[in-house]
Protein chains: 2
Amino acid sequence: MIEKASPSPAAIKAWARLMRVSRQLVEKVEDALKDGGLPPLAWYDVLHELAEAGEGGLRPFQLIERTLFAQYNVSRLLARLESESLIEKIPVADDGRGQTIRITGKGRETRRRMWTVYGRSIAELVGARLPAEELEMLAALLGRLRHPPAME
Amino acid sequence: MIEKASPSPAAIKAWARLMRVSRQLVEKVEDALKDGGLPPLAWYDVLHELAEAGEGGLRPFQLIERTLFAQYNVSRLLARLESESLIEKIPVADDGRGQTIRITGKGRETRRRMWTVYGRSIAELVGARLPAEELEMLAALLGRLRHPPAME
DNA sequence: TTCAGATAGATGCAATTGCATCTATATAGA
DNA sequence: TCTATATAGATGCAATTGCATCTATCTGAA
């Protein structure tokens, strides 16, 4: 199997756009959250996963898989979220090392408030710029860059 | 003019993919650079811009425009690059506040070594996963999310 | 000219991240 | 059962980032 060491011009261009656009969009969303006096995007990611998980909660290592954050970042982010009473840590019965993380009512409320800003940003920055068909094409192309690639 | 506050499912999916894929790819490239004992991606971005700019160099504020890094980050990154002799700072004649940044020979060499790793990563992570035509389509779609949007 | 912004870049300090390592529990094999 | 290894999560310390502000120079209007 041949592995090329140098990327094609098309690959470089797609890469450059991906880097630049994602940086730009993240920054705009972070700014919008700050303007609203809301916590950073990373908090949303965690609260979102926990809200989806429901009453059963999630183990920290499951959050790591889902969010792709580093272990030590999750550990500390959870400490901050707990100190704000947005989550609670529950010792888990059958594994003395672990804990289950559950979102609190206040956590759900914070997530909801963040979504009004975050969702609006997505609508403006992405939804308003491409028609549905092209959004789907974009998602499909990006899915194939995922590891492992999305099958669709 | 109607501004929707809630994003469509297609917009949310494209957004989620964009966030996840860009995070994943950046992390893989950073890991590859670390494995090679090379500096982080941000150094490449700056060295690349300076190499493109040639002997004339660039002002820090031009680097800020091109890389989208925050002003204080550029200021400190340049200090680190200078302490490694990868760039040099030259006072600029017609503006006593400013300076021109020029890449050194050692800087070019470092950039070249980084590119062997970075370029290979792009080839593997992006180039090998989509054919040229789809890479171009991806770049075009991303270009329309840019601010201001790319015209092509 | 003069002075009130505006612009270029640096920096003190607090918060976050990254790295390496640590503790505690779990698990598998001798 | 005992021990070596693996896994879950936390943490000390250094480096980086973010925020606010600072200094210095420049520009334009009175």
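Just so it is clear, the values below take in all heavy atoms, side chains as well, and ignore hydrogens, waters and symmetry mates. Because the structure is a prediction, the values reported are computed rather than measured. Per chain, numbering begins at 1; letters A, B, ... match sequence-line order.
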| Atom-pair distance (CZ on A/Phe61; C1' on D/dA10), nearest Å | 16 Å
| said: I need the A/Leu138 CG to B/Leu142 CG distance, nearest 0.5 Å. | reply: 5.5 Å
| message | Can you measure A/Leu63 atom CG to D/dA10 atom C1' for me and round it to whole angstrom units? | response | 16 Å
| field | Base C/dA10 to side chain B/Gln71, donor-acceptor N/O within 3.5 Å cut-off | value | yes
| remark: Here the distance between atom P of D/dC19 and atom CD of A/Glu30, to the nearest Å, is 9 Å
| Yes or no on salt bridge (charged side-chain N to carboxylate O under 4.0 Å, His left out) for A/Lys28 and A/Glu124, after CA distance, side-chain angles and deciding distance? | CA-CA 11 Å; A/Lys28 281 183 187 289; A/Glu124 287 170 7; over 6 Å; no
| query | Would you say C/dA10 has OP1 or OP2 under 4.0 Å from some side-chain N or O of B/Lys89? | reply | yes
| remark: In whole angstroms, the gap separating P of C/dT17 from CZ of A/Phe69 amounts to 9 Å
| remark: To the nearest angstrom, the CG-P distance between A/Leu77 and C/dT16 comes to 9 Å
| task | Establish whether the base of D/dG18 is bridged to the side chain of B/Arg76 by a donor-acceptor pair shorter than 3.5 Å. | result | yes
| B/Tyr72 or A/Thr100, whichever maps to the more 5' nucleotide of DNA chain D | A/Thr100
| message | Please report the distance, rounded to the nearest Å, between CG in A/Leu78 and C1' in D/dT11. | response | 15 Å
| field | Nucleotide C/dA24, atom C1' - distance to CZ of A/Arg59 in whole Å | value | 13 Å
| task | Rounded off to whole Å, could you give me the CG-to-P distance for the B/Leu68 and D/dG18 pair? | result | 13 Å
